[in-house]
Amino acid sequence: MTFNALKEKGLSLEKQVRTWHDIAHRKYNKNEVNCYSRTRQILMNGIEVEAWNFKHNFARVCQDEDTLEFLAQTKRIEDAQQTTINWLAPCDQSVLETTLGYEQVAVDLTAWMAQNEPDPYVKETFDFGLLEDFDHLYRYSQWAYMIHGITPNAVVQGQTDVILGRPTQNHHNCNIIRLRKHYDKATASAQTKVNILTLVAGEQQTHNYYGEHGFAYGSELLRETYAEIKDVEEEHVTMYESLIDPSESFYEKLLMHEFTEVCTYHNCMTDEKDEMLMPIWEEFLAIELNHLQTAAKLFKKYEKRDPEEVIGEDIVHPCHFTSQKDYVEKVLRAEIDKRLGSNKDYQYVKDIPDDWASYEVQKAVGKDGSPSEVTIRVIAEQKNRDLVCASEELTNDLPKLAKKAMQKDGMTCDTVTPEEYEKMSKEKFEL
Ligand SMILES: [Fe+2]
Ligand SMILES: [Fe+2]
Ligand SMILES: [Fe+2]
Ligand SMILES: [Fe+2]
């Protein structure tokens, strides 16, 4: 059944203003919530932050009174939606537990999108980013155990593997080569545009979360690990946003933002089982339908084009959360040694030239070592080995994967070597 977002009935603007109680009173139980309800909550917070932020940016360059009025009224609504969603997280959910949730979002969302992405180059970029967030989940999981004594499954509930990915110390690139080729707005599908905007919003909020919370722990090494991974999220925002056609006007971008909100809420509503969360997704979808329809009128008026040309006549589902272990393992085995190429392409470590621009960056930031590597050394010191949650076969292949991921240059003095992983693999994690 098609769902034409331009024709479905939304909630009128007057009814979108909510009380403080309604805005702030709901929160989930961290021990009972389904991990994918939590990933929806984390993602939709990022979607609302982006919606709000974009509207302020538009307002700062906009001279049209009608548009300014629409932006002024709806910025407040987006902001109140953000409060409701972000504050669903209970106060006893620690920063590290929330962090594991953020990385689970990144892994399972990117894997879903990669398999539903019609543009092969965009898909390749999703697969590339996927293995980096996958490694972040592994590094932070060590910390969640060391600081709070929880295994990652307390958060990811066995749905997402926790094991070495492309090592974080190799995620640091020259930001110029992070830039990718952008799609062509005239030919790219609505699915591609919504996928990218959803992921940009998610990555941006992950970056913001680490920036706002990475200092929450006293451990110097954990602070540095947050700083290191936060910087990778900065690279991720740069990479994914560069896929967007820069010639899209602000009105086209406004249309895409509202459409992305409609699609993501519709997707949440379709998948949700949680009785407290369900009415939120339903109500917020109705709000976004109204925003979208006004944005479509403004687009028509100022662009003199049909909004259907951009968003089509049906919605897309960018964020169906489900276990992606098989897919991620396949990409991991094939692409752990993949790196960014200098011509907006990709290459494997064996083909990296000696003058690769990212070597300079890796040497500069890693001069004193890499906190994400030291993390593994510290947990191995305490518990005989690293904490891994994956199938026996994949766990046994960890030293082989570590070997495959090795670069010729740009490795820090702390690098856990394949031989050390081999040694650890013979040990049992001491519970
Ligand atoms: Fe919104
Ligand atoms: Fe990440
Ligand atoms: Fe990321
Ligand atoms: Fe909106």
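As the structure is a prediction and not an experimental result, all values here were calculated from the model. Atoms within a ligand are numbered from 1 in the order they appear, just like the ligands themselves.
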Problem set entry | Identity of the N, O or S atom of His291 lying closest to the Fe ion (ligand 4) | ND1

Exercise. What do the steps show when you test Tyr251 against Phe299 for ring pair (Phe, Tyr, Trp, His ring centres under 6.0 Å), and what is the final call?
Worked result: CA-CA 5 Å; Tyr251 285 100; Phe299 177 80; 8.0 Å; no

For this session: Could you please compute the angle at the Fe ion (ligand 1) from OE1 of Glu48 to OE1 of Gln81, rounded to 10°?
Result: 90°

Exercise. So which of the N, O or S atoms of Glu78 lies nearest the Fe ion (ligand 4)?
Worked result: OE2

Seminar exercise, completed: Rounded to the nearest 0.5 angstrom, the OH-CZ distance for Tyr240 and Arg178 is 8.0 Å

Problem set entry | Vertex the Fe ion (ligand 2), arms to Asp133 OD1 and Glu103 OE1, rounded to 10° | 100°

Seminar exercise, completed: Of all N, O or S atoms in Glu261, the one closest to the Fe ion (ligand 4) is OE2

For this session: Give a yes or no on whether Lys27 atom NZ has more than 12 heavy-atom contacts from other residues, nucleotides or ligands under 6.0 Å away.
Result: no

For this session: Could you tell me whether Lys181 sits above the aromatic face of Tyr121, with NZ or CZ closer than 6.0 angstrom to the six-membered ring centre and within 45 degrees of the axis?
Result: yes

Exercise. Looking from the Fe ion (ligand 4), what is the angle between OE1 on Glu258 and OE1 on Glu288, to the nearest 10°?
Worked result: 90°

Problem set entry | Heteroatom test (N, O or S) for Gln82 near the Fe ion (ligand 1), limit 2.8 Å | no

Exercise. Does Glu132 bring an N, O or S atom to under 2.8 Å of the Fe ion (ligand 2)?
Worked result: no

For this session: Taking only Lys NZ, Arg NE, NH1 and NH2, and the carboxylate oxygens of Asp or Glu, determine whether Asp127 and Lys338 approach each other closer than 4.0 Å.
Result: no

Exercise. Within less than 2.8 Å of the Fe ion (ligand 2), any N, O or S from His136?
Worked result: yes

Exercise. Which of the N/O/S atoms in Glu233 sits closest to the Fe ion (ligand 2)?
Worked result: OE2

Seminar exercise, completed: CG (Asp64) and CZ (Phe70) are apart, to the nearest 0.5 Å, by 12.5 Å

Exercise. So does Leu68 have more than 12 non-hydrogen atoms from other groups sitting under 6.0 Å from CG?
Worked result: yes

